[in-house]
Participant: 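Can you read through this structure? Questions will come right after.
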Amino acid sequence: MTATEGIVVLLGRVLFAVFFVRSGIAHVRKHEGMTGYARSAGFPFPGIGGWPAGVWLLAGAASIALGIWADVGSLMIALFLVLAALYFHRYWTIQDEGQRQTQAGNFYRNVALLGASLALLGFFVAAGEAVRFTFTGPLL
């Protein structure tokens, strides 16, 4: 991988991570509200819906952006997205059309981000030590 290619990949990693840094900060700052929402959504472990989820997101995003076992960070983000889509954006259970559309948009956003996270996982594992501007290679 050339330095120019590495810079492009680094920029993509950072831009991808920004979304999850923002979300992680919100989960930490609004711990009580996030925990309450997790409880109301029927999430089996609502206590992790606030700051623990925020720390998880921040760690996964930092892993990807900084290149510290970025494959593991991609898996962390992927797991969060699967749970978020299936528990918190269940648009198919909502009767109100406006709320249904909003939650469908959130669900499919999570699906798209899940696809990107899995693509990053594959990239980090396949490229291995060739990925430029990282602190470590992949763990897997």
Side-chain angles (χ1 to χ4, degrees):
M1 177 178 295
T2 68
T4 302
E5 293 164 345
I7 290 170
V8 170
V9 170
L10 175 61
L11 180 61
R13 291 175 12 218
V14 169
L15 291 174
F16 180 78
V18 164
F19 179 86
F20 298 101
V21 167
R22 183 177 170 270
S23 183
I25 290 169
H27 277 78
V28 170
R29 284 188 178 164
K30 300 175 183 178
H31 170 71
E32 293 299 323
M34 296 291 187
T35 301
Y37 183 58
R39 187 173 294 107
S40 72
F43 189 66
F45 308 103
I48 67 170
W51 71 263
V55 171
W56 180 271
L57 288 169
L58 291 168
S63 169
I64 292 168
L66 298 173
I68 302 170
W69 292 338
D71 55 336
V72 174
S74 297
L75 280 174
M76 291 173 71
I77 297 297
L79 176 62
F80 174 86
L81 290 166
V82 167
L83 294 174
L86 294 178
Y87 279 96
F88 304 109
H89 304 301
R90 302 166 70 152
Y91 70 92
W92 55 90
T93 66
I94 299 173
Q95 299 303 316
D96 177 79
E97 188 58 34
Q99 284 297 314
R100 183 180 178 94
Q101 285 181 346
T102 298
Q103 290 304 325
N106 291 336
F107 177 86
Y108 286 107
R109 177 199 63 212
N110 284 358
V111 169
L113 289 168
L114 174 61
S117 184
L118 294 174
L120 281 172
L121 169 65
F123 169 74
F124 291 130
V125 171
E129 300 292 331
V131 179
R132 302 282 298 260
F133 310 114
T134 62
F135 285 100
T136 71
L139 183 63
L140 305 176

Participant: Please name the pair of heavy atoms, one in Val9 and one in Met1, separated by the smallest distance, quoted to 0.1 Å.
Facilitator: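 Looking at all heavy atoms of both residues, the shortest contact is CG2-CE, 4.2 Å.
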
Participant: Does one hydrophobic cluster hold both Val14 and Leu57, with members joined at side-chain heavy-atom distances below 4.5 Å?
Facilitator: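 Different clusters: Val14 never reaches Leu57 through Ile, Leu, Val, Met, Phe, Trp or Tyr contacts under 4.5 Å.
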
Participant: Would you say Ser23's side chain and Phe19's backbone share a donor-acceptor pair under 3.5 angstrom?
Facilitator: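 Side chain of Ser23 to backbone of Phe19: no pair is present.
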
Participant: So, does Tyr37 use its side chain to make a donor-acceptor pair with the main chain of Gly49 at under 3.5 Å?
Facilitator: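 Side chain of Tyr37 to backbone of Gly49: no pair is present.
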
Participant: Please report the shortest heavy-atom distance between Gly50 and Thr35, naming the atom on each side.
Facilitator: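 Nearest heavy atoms, Gly50 then Thr35: N-OG1, 3.7 Å.
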
Participant: Knowing that exactly one of Ile77, Leu83, Leu79 qualifies, which makes a side chain to side chain contact (heavy atoms under 4.5 Å, CB included) with Leu81?
Facilitator: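 Output: one option passes, namely Ile77.
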
Participant: Looking at Arg132 and Glu5, would you say the former's side chain and the latter's main chain have a donor-acceptor pair under 3.5 Å?
Facilitator: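 Not at all, since once roles are kept as given, no pair shorter than 3.5 Å links the two residues.
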
Participant: How long is the straight-line distance from CZ of Arg90 back to CG of Asn106, given to the nearest 0.5 Å?
Facilitator: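 One gets 14.5 Å once the value is rounded to the nearest 0.5 Å.
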
Participant: Looking at every non-hydrogen atom in both residues, tell me the closest pair between Trp69 and Gly137 and how far apart they are.
Facilitator: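 Smallest heavy-atom distance, with atoms named: CD1-O, 3.2 Å.
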
Participant: Is a side-chain N or O of Asp71 found less than 3.5 angstrom from the main chain of Pro138, in a donor-acceptor match?
Facilitator: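 No.
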
Participant: Any side-chain heavy atom of Leu113 within less than 4.5 Å of one from Phe20?
Facilitator: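 Yes - at least one pair of side-chain heavy atoms lies under 4.5 Å apart.
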
Participant: Measure from the side-chain N and O atoms of Ser74 to the backbone N and O of Ala70, and report whether any donor-acceptor pair falls under 3.5 Å.
Facilitator: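 Answer holds: yes.
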
Participant: Search all heavy atoms of Asn110 against all heavy atoms of Ala84 and return the closest pair with its distance.
Facilitator: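 Heavy-atom minimum between the residues: ND2-CB, 3.4 Å.
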
Participant: Should Ile64 and Val21 be regarded as members of a common hydrophobic cluster, given that ILVMFWY residues are connected when their side-chain heavy atoms come within less than 4.5 Å of each other, either directly or indirectly?
Facilitator: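 No, it is not one cluster - the side chains of Ile64 and Val21 are not joined through contacts under 4.5 Å.
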
Participant: Do Trp56 and Phe16 land in one hydrophobic cluster if side-chain heavy atoms of ILVMFWY residues count as linked below 4.5 Å?
Facilitator: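 Per the 4.5 Å side-chain linkage, Trp56 and Phe16 are co-clustered.
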
Participant: Does a side-chain heavy-atom distance below 4.5 Å link Phe124 with Arg13?
Facilitator: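 Contact flag for Phe124/Arg13 side chains = yes.
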
Participant: Any side-chain heavy atom of Ile68 within less than 4.5 Å of one from Thr134?
Facilitator: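 No, too far: nothing below the 4.5 Å cut-off.
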
Participant: Is a donor on one side and an acceptor on the other found under 3.5 Å between the side chain of Arg100 and the backbone of Tyr91?
Facilitator: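 Judged by distance alone, yes, a pair lies under 3.5 Å.
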
Participant: Find the distance between CD1 (Ile94) and CD (Gln99) and round it off to the nearest 0.5 Å.
Facilitator: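 Between Ile94 CD1 and Gln99 CD, I get 6.0 Å after rounding to 0.5 Å.
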
Participant: Is there a path from Leu118 to Phe123 through hydrophobic residues (I, L, V, M, F, W, Y) whose side chains come within less than 4.5 Å of each other?
Facilitator: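 Same cluster: Leu118 reaches Phe123 through Ile, Leu, Val, Met, Phe, Trp or Tyr contacts under 4.5 Å.
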
Participant: As an exercise, state the distance from CG of Leu121 to CG of Leu75, rounded to the nearest 0.5 Å.
Facilitator: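 One finds 4.5 Å between CG of Leu121 and CG of Leu75.
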
Participant: Angle between ring planes, Phe80 versus His27, binned at 30° and 60°: parallel, tilted or perpendicular?
Facilitator: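 Plane angle over 60°, so perpendicular.
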
Participant: Do the side chain of Thr102 and the main chain of Gly98 share a donor and acceptor less than 3.5 angstrom apart?
Facilitator: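 Indeed, once roles are kept as given, a pair shorter than 3.5 Å links the two residues.
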
Participant: To the nearest 0.5 angstrom, please state how far the CG atom of Leu10 sits from the CG atom of Leu15.
Facilitator: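 It is 9.0 Å, given to the nearest 0.5 Å.
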
Participant: So how far is it from Trp51 CH2 to Leu58 CG, rounded to the nearest 0.5 Å?
Facilitator: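 Between Trp51 CH2 and Leu58 CG, I get 12.0 Å after rounding to 0.5 Å.
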
Participant: I need the minimum non-hydrogen distance between Ala41 and Tyr87, along with the two atoms involved.
Facilitator: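 Looking at all heavy atoms of both residues, the closest pair is CB-O, 3.5 Å.
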
Participant: Same cluster or not: are Val82 and Phe88 linked, directly or through other Ile, Leu, Val, Met, Phe, Trp or Tyr residues, by side-chain heavy atoms under 4.5 angstrom apart?
Facilitator: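 Yes, one cluster joins them.
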
